Amino acid sequence: MLADGLPLDVLIGAWVATGLTLFIYTFLYRDNPLFKLGEHLYVGISVGYSIVITVYAVGVKLLWIPMVEKGQWQLLIPALLGLMISARFFPRIAWLARISFAFVVGFGAGTIIPRLISSNVLSQLEDTISPLVTMTASGLTYTMDFLDPKSDINNFITLIGVVSVLFYFFFSVEHRGVGQAIARTGIMFLMIAFGAAFGYTVMSRMSLLIGRFDDLIMFSGAEYGRPTFVLLALTVVVLAYWVYREKQAFRSTVEEKS
Amino acid sequence: MQYYVPHPASEALLTSASNWMIIIGGFALILGLVSLIQLHMNRIQRNVEGWGYSGVLFAAMFVMVIAGILAGGENLDSERELTGYGWTYSYAMVPLQGTMFSLLAFFVASAAYRAFRARTKEAALLLVAAILMMWGRVPLGEYLWAFSGDIAQWILNVINSSVRRAILIGVSLGMIALSIKIIFGIERMYLGGKKE
């Protein structure tokens, strides 16, 4: 029974979202027509979304309005440079695209140098080279609080980590003797960080999974017309029929060959 | 120049130049779009197996573009109600995107089962760090072992950040060197040339 107060667009939306979610999850069984349908819908909708965003955020907001309403006709130059990128599709004038690429790469290279030096090199080095002991009114102390990222012990570990990992990627010196020990320490740090990054990624995917199941549970309610149960049953029936048809086709092929 | 001379004029110049880059980048979408259309038009013209899905892709793209144009590129209308474009985004794109990426949870788990065999000390470290991270990021993990959350946080804050910092410094130095080579014309690979 449907709830009286539920808007029609929400109701249809619940059925569409549930159906598409189930279509994609059928891939857990194997590649099948329902998954392919969902996959191609996803690509089509995403591309359509990108086109609209680009047209309005770039074409209208940054190009059309400043040109027509503010008279900034010099914006025709980047528009022309942008159009010249498409010259790649026409072999006779493909060279025009190089002018656009040269502008983009040149501008990028010029702006990136001070930014990288400031934020990615100097700031990172500044945070790494922190005091390894703390000066207080009563003299020098050593803070061993592991939970405080700015404690002395953590500053020391961070310093060792940064130096050893940088050394591991420094191939101008052969990794022998002390160098080998430093490089191996770097590998240890790298392995722990990669493991942590992997675990973190898994948990973020799990979070998405929980989100999708949360929606499926919500849409299984009577107020939505129980789309989760209805569409799940329908999906299973369609998949079973598809498997049956596949097996029949396989049998007939084998019989024809024999 | 703007970095070393932070004058309003140089800042305005940088803003304009940045907008120029965004405009040129917007036109670059045409490249991807034409490639996608060419690929799927070929599939339809040649009637290859599954050509109907290419039709589905075009239909979905067309519907989204038309809905976007009718809505003026806005997800919500003047009465804060979802437009057709916003509806398609909320009830089709978001679920599809979320489900697609959540599928990776299953495949990552099966890949981990095959890859995480603690054959060496390094692999064992990776395995232990991953387990600690997963253990410490869920309430049940912290309930069963109170320190797990703190350990996971420590790994993220100290070990992970020190490694990220080192990689960031290394990559940045490399990018700076490459940028200088591009500016002085030593590196021209981006123009489609061959390596000298």
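Quick caveat: nothing in here was measured; it's all calculated off a predicted structure. Each chain gets a letter, A, B and so on, in the order the sequences are listed, and its residues count up from 1.
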Minimum-distance pair of heavy atoms, taken over all atoms of A:Arg212 and B:Gly98: CD-C, 3.8 Å

Residue B:Tyr85 versus chain A: region with a heavy atom under 4.5 Å: side chain

Give the intermediate values and the outcome of side-chain hydrogen bond (donor to acceptor under 3.5 Å, both in side chains) for residues B:Thr88 and A:Tyr49. CA-CA 9 Å; B:Thr88 319; A:Tyr49 184 76; over 6 Å; no

If we only count heavy atoms from C-beta on, is the B:Ile23 to A:Leu81 side-chain gap below 4.5 Å? no

Close side-chain approach of B:Arg165 and A:Thr158, heavy atoms under 4.5 Å: yes

Can you see which heavy atom on B:Met133 is nearest to which on A:Tyr200, and at what distance? CG-N, 3.6 Å

Which bit of A:Ala14 comes within less than 4.5 Å of chain B, counting heavy atoms only: side chain, backbone, both or neither? backbone

Contacting region of B:Ile151 [heavy-atom separation from chain A under 4.5 Å]: neither

Which atoms of B:Ser161 come close to chain A, meaning under 4.5 Å heavy atom to heavy atom: side chain ones, backbone ones, both, or neither? neither

Using a 4.5 Å cut-off on heavy atoms from C-beta on, say whether the side chain of A:Leu209 contacts that of B:Phe106. yes

Non-hydrogen atoms of chain B under 4.5 Å away: do they reach the side chain of A:Met206, the backbone, both or neither? both

With a 4.5 Å cut-off on heavy-atom pairs, point out which of B:Gly68, B:Gly26, B:Ser172 contacts chain A the most. B:Ser172

Minimum side-chain heavy-atom gap A:Leu190-B:Ile167 below 4.5 Å: yes

Leading residue by heavy atom contact count with chain B [cutoff under 4.5 Å; candidates A:Val58, A:Leu208, A:Ile45, A:Val16]: A:Ile45

Where does A:Asn155 contact chain B at under 4.5 Å (heavy atoms): side chain, backbone, both or neither? neither

Portion of B:Ile182 that has a non-hydrogen atom of chain A nearer than 4.5 angstrom: side chain

Does any heavy atom of chain A fall under 4.5 Å from the side chain of B:Tyr89, the backbone, both, or neither of them? side chain

Contacting region of B:Leu178 [heavy-atom separation from chain A under 4.5 Å]: neither

Pick one of side chain, backbone, both or neither for A:Val60, based on which atoms fall under 4.5 Å of a heavy atom in chain B. neither

Most heavy-atom pairs under 4.5 Å with chain A, out of B:Val56, B:Leu103, B:Asn19, B:Ile30, belong to B:Leu103

Below 4.5 Å, heavy-atom pairs only: which of A:Thr128, A:Val165, A:Ile187, A:Asp215 has the largest tally toward chain B? A:Thr128

So, does B:Trp20 use its side chain to make a donor-acceptor pair with the main chain of A:Leu75 at under 3.5 Å? no

Pick whichever of A:Thr18, A:Asp148, A:Ile210, A:Leu37 has the most heavy-atom pairs under 4.5 Å with chain B. A:Leu37

Given side chains that start at C-beta, do those of A:Thr201 and B:Val108 come closer than 4.5 Å, heavy atoms only? no

Give the C-alpha distance, both sets of side-chain angles, the deciding distance and a yes or no for side-chain contact (heavy atoms from CB on, under 4.5 Å) between A:Phe194 and B:Asn160. CA-CA 8 Å; A:Phe194 289 154; B:Asn160 209 26; over 6 Å; no

Of all heavy-atom pairs between B:Ile159 and A:Ala193, which one has the smallest distance, and what is that distance? CG2-N, 4.4 Å

Show the numbers, then the answer: is there a side-chain contact (heavy atoms from CB on, under 4.5 Å) between B:Phe27 and A:Thr54? CA-CA 9 Å; B:Phe27 279 95; A:Thr54 309; over 6 Å; no

Candidate pair A:Phe189 and B:Val158, rule side-chain contact (heavy atoms from CB on, under 4.5 Å), full reasoning: CA-CA 10 Å; A:Phe189 270 87; B:Val158 179; over 6 Å; no

A:Met191 and its side chain to side chain contact (heavy atoms under 4.5 Å, CB included) partner, picked from B:Val163, B:Thr120, B:Leu125: B:Leu125

I need the minimum non-hydrogen distance between B:Leu29 and A:Ser50, along with the two atoms involved. CD2-O, 4.2 Å

Which atoms of B:Ile176 approach chain A - backbone, side chain, both or neither, heavy atom under 4.5 Å: both

Heavy-atom proximity to chain A below 4.5 Å, by part of B:Glu74: neither

With side chains defined as the heavy atoms from C-beta onward, is the minimum distance between B:Met21 and A:Phe103 less than 4.5 Å? yes

Chain B shares the most heavy-atom pairs under 4.5 Å, among A:Val121, A:Val43, A:Leu147, with A:Leu147

A:Trp242 atom CH2: more than 12 heavy-atom contacts under 6.0 Å: yes

A quick test of your reading: do over 12 heavy atoms of other residues, nucleotides or ligands sit less than 6.0 Å from CZ of A:Phe89? yes

When A:Ile53, A:Leu62, A:Val55 are compared by non-hydrogen pairs under 4.5 Å with chain B, the top option: A:Leu62

Do B:Arg164 and A:Gln124 pass the side-chain contact (heavy atoms from CB on, under 4.5 Å) test, and can you show the C-alpha distance, the side-chain angles, and the key distance before you say yes or no? CA-CA 10 Å; B:Arg164 278 171 59 93; A:Gln124 299 300 327; over 6 Å; no

Cut-off 4.5 Å, heavy atoms of chain B, and the answer for A:Ile12 is both

Among the options A:His40, A:Lys36, A:Glu39, A:Arg88, pick out the one with the most heavy-atom pairs lying under 4.5 Å from chain B. A:His40

Looking only at non-hydrogen atoms, find the nearest pair between B:Trp154 and A:Ile157 and report the distance. CZ2-CD1, 3.7 Å

What part of B:Ile22 lies closer than 4.5 angstrom to a heavy atom of chain A: side chain, backbone, both or neither? both

Could you look at B:Phe58 and say if it's the side chain, the backbone, both or neither that has a heavy atom under 4.5 Å from chain A? neither

Answer with side chain, backbone, both or neither: which region of A:Phe23 has an atom nearer than 4.5 Å to a non-hydrogen atom of chain B? neither

By a 4.5 Å heavy-atom criterion (distance strictly below it), what part of A:Pro66 contacts chain B: side chain, backbone, both, or neither? neither

Correct closest heavy-atom pair for B:Phe101 and A:Arg205 would be O-CD, 3.2 Å

Can you see whether A:Tyr42 engages B:Thr99 through a side-chain donor-acceptor pair at a distance of less than 3.5 angstrom? no

Please determine whether the number of non-hydrogen atoms from other residues, nucleotides or ligands lying under 6.0 Å from atom CZ of B:Arg46 exceeds 12. no

Mind checking whether A:Trp15 and B:Tyr91 have side chains closer than 4.5 Å, heavy atoms only? no

Between B:Gln38, B:Glu81, B:Met100, which shows the greatest number of heavy-atom pairs under 4.5 Å with chain A? B:Met100

Heavy-atom cut-off 4.5 Å, strictly under: side chain, backbone, both or neither for A:Phe35 against chain B? side chain

Tell me, side chain or backbone of B:Gln153 under 4.5 Å from chain A's heavy atoms, or both, or neither? neither

Heavy-atom pairs under 4.5 Å with chain A, option from B:Ile169, B:Asn157, B:Val171 with the top count: B:Ile169

